[in-house]
There are 2 protein chains.
Amino acid sequence: MDSEKSGEEATITIQDTKTDPKSKGKAIAGATGLVTSKATYMQQKGGWKKGAAIFDFVLRLCAITAGLAATSIMGTTEQSLPFFTQFFQFHAEYDDIETFRFFTFANGIASGYLVLSLPFSIVCIVRPYATGPRLFLIIFDSVAMALIVAAASAATAIAYLAHNGNSDANWNAICNQFTDFCQSSSSAIVASFIAAVMLLFLIILSAVALRRN
Amino acid sequence: MDSEKSGEEATITIQDTKTDPKSKGKAIAGATGLVTSKATYMQQKGGWKKGAAIFDFVLRLCAITAGLAATSIMGTTEQSLPFFTQFFQFHAEYDDIETFRFFTFANGIASGYLVLSLPFSIVCIVRPYATGPRLFLIIFDSVAMALIVAAASAATAIAYLAHNGNSDANWNAICNQFTDFCQSSSSAIVASFIAAVMLLFLIILSAVALRRN
C-alpha cells in the first residue's frame, strides 16, 4: 500500500514539472532517490516483519505441541486401584469428572484451531505487509487463549481440590489413593498453561507487528 | 507520522524544481493539493479512530462495573443455616473455598488495572494516531482477560461441583443446604464472565484500530 502511494506522488511531481526538460530530469532523479530510499526503508521493515511472522509460525507449532500434549495426556488418564471389593473396583478416569472432560474437549478444539491457523501464519511470512491475516490471527488467538485458560484453570481448581480436599464442604482429597491419576492430570494442566502463555505471546507479537505498519 | 512524511516529500519536490518559477508555482499548487487531499483523508480516518477510542472508553467503564460487581458480590457472599448443633453452626463463606478467594482477588486486581488503564484510553481519544497507548492497552488487556477468565472458570468448576456434586469422587452437592450462598456466587461468576467478554471486545477493537494506521 505504502510503496504504491509513494509511486503515485512521484508521478504527480513529474507531471507538474514537465514544462522544463532540465527540471524534469532533476525531479525524476529526486523522485527516484526518494523512492529508492523509501524502498530500502520498507525492505528493512519488511525484513523485520518477515522475522516476526517466522517467529509467529514457530511459536504456533510449539503451542500446537503443548495443546495436543495436554489433550492426549488428559484423554488417556485413568487408574485402577489394586484392591477391590466383591461388587466394586476402584477406578478413576478423566471422564468421571466433568471439568476434566471439558478440559480435553477445549484443548482439542484450540489445538485444532491452531493447526488450521498455520496457513494464515504462512501468508504473513510470504506477504509481510498483509494486515488482514494478522488481524484474523489476533482475534481468533484471543478466543483460543480464553478457551485454553478457562479449561486449564477449571481443571486446576478441581485438581487442587483432589489434592487438598475441603473440610468446610466435606470434600475429601482423593489423590492419596489415586496418585497416578492426579499426577498425569496435573501434567496435562501444566502443558495447557504453557500453550496459553504461548498464545499470549502470539497475541503480543501480532499486535506489535500490526503497529509497525 | 504520516502527515509529517508527506510534508517532507512536498519540500523535496519544491527544491528540485526551483530553477523554473512557473513550474515551481505549479509544483507548489500540486503539492498543496496533495497535502490537502491527504489531510482530508487523515481527518476522516482520525474521526473513525476517535470514535473507536470513545467506544473503548465506554466499554472499559462497563467492564470495570462488571469486574467490581463480581468482586463485591463474591466478597460478601456468606450464609449461616438456621439450625445448629451444640458445638457447631453451619456457616458458608466465600473464604472457605480457596478458588472463590482467588476469584475475588483476581477480579479485584483486574478491576484495579482497568481503572488505571482509563487515562491511556483518554490519551487514545485525544491523540487518535498514537499507537503506543493502544499497544500498551492491547497487551495488558490480554493479560487481564486471561486473569478474569481463569478466575471465572475456576469458580465455575467449583460452583458446578457445589450444585451437582460428584459421585465418583464422593463429593456431595452442598447447594441443597446453602442455596443463597450458591446463588450469589453464581451471580458473581456471571458478572465476571461479562467483564471477560468485554475485555475480549476491547482487544479486538484495539487490534482493528492499530490495523488502520
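Reckoned from all heavy atoms, side chains included, excluding hydrogens, waters and symmetry mates. Just so you know, these numbers come straight off a predicted model, no measurement behind them. A, B, ... follow the sequence lines: proteins, then strands. Residue 1 opens every chain.
- Ranked by heavy-atom pairs under 4.5 Å with chain A, the list Asn166(B), Ile138(B), Val143(B), Asn164(B) is led by Asn166(B).
- Ser185(A) and Thr77(A) share no donor-acceptor pair across their side chains, judged by distance under 3.5 Å alone.
- If you measure heavy-atom distances from Ile97(B) to chain A, the contacts under 4.5 Å come from both the backbone and the side chain.
- No part of Ala152(A) comes within reach of chain B, as not one of its non-hydrogen atoms sits under 4.5 angstrom from that chain.
- Rounding to the nearest 0.5 Å gives a distance of 11.0 Å between OG1 of Thr131(B) and CG of Leu210(A).
- Looking at Phe102(A), neither its backbone nor its side chain comes within 4.5 Å of chain B, counting heavy atoms on both sides.
- By number of non-hydrogen pairs under 4.5 angstrom with chain B, the leading residue of Leu161(A), Thr156(A), Thr99(A) is Leu161(A).
- When the candidates Gly132(B), Ala154(B), Ala169(B) are compared by the number of heavy-atom contacts under 4.5 Å with chain A, Ala154(B) comes out ahead.
- Interface remark: Leu199(A) contributes no atoms to any contact with chain B (heavy atom separation under 4.5 Å).
- Between chain B and the options Asn170(A), Ile204(A), Leu147(A), the largest number of non-hydrogen pairs under 4.5 Å is found for Ile204(A).
- Between atom NE2 of residue His163(B) and atom SG of residue Cys175(B) there is a gap of 4.0 Å, rounded to the nearest 0.5 Å.
- For the residue pair Ser142(B) and Ile203(A), the shortest heavy atom distance occurs at OG-CG2, 3.6 Å.
- Looking at Ala196(B), neither its backbone nor its side chain comes within 4.5 Å of chain A, counting heavy atoms on both sides.
- Looking at Asp96(A), both its backbone and its side chain come within 4.5 Å of chain B, counting heavy atoms on both sides.
- Pairing each heavy atom of Thr71(A) with each of Gly67(A), the nearest pair is OG1-O, 2.7 Å.
- A salt bridge links Asp141(A) and Arg60(A); the closest N-O separation between the charged side-chain nitrogens and carboxylate oxygens is under 4.0 Å.
- When side chains are defined from C-beta on, Met145(B) counts as touching Met145(A), because their heavy atoms get closer than 4.5 Å.
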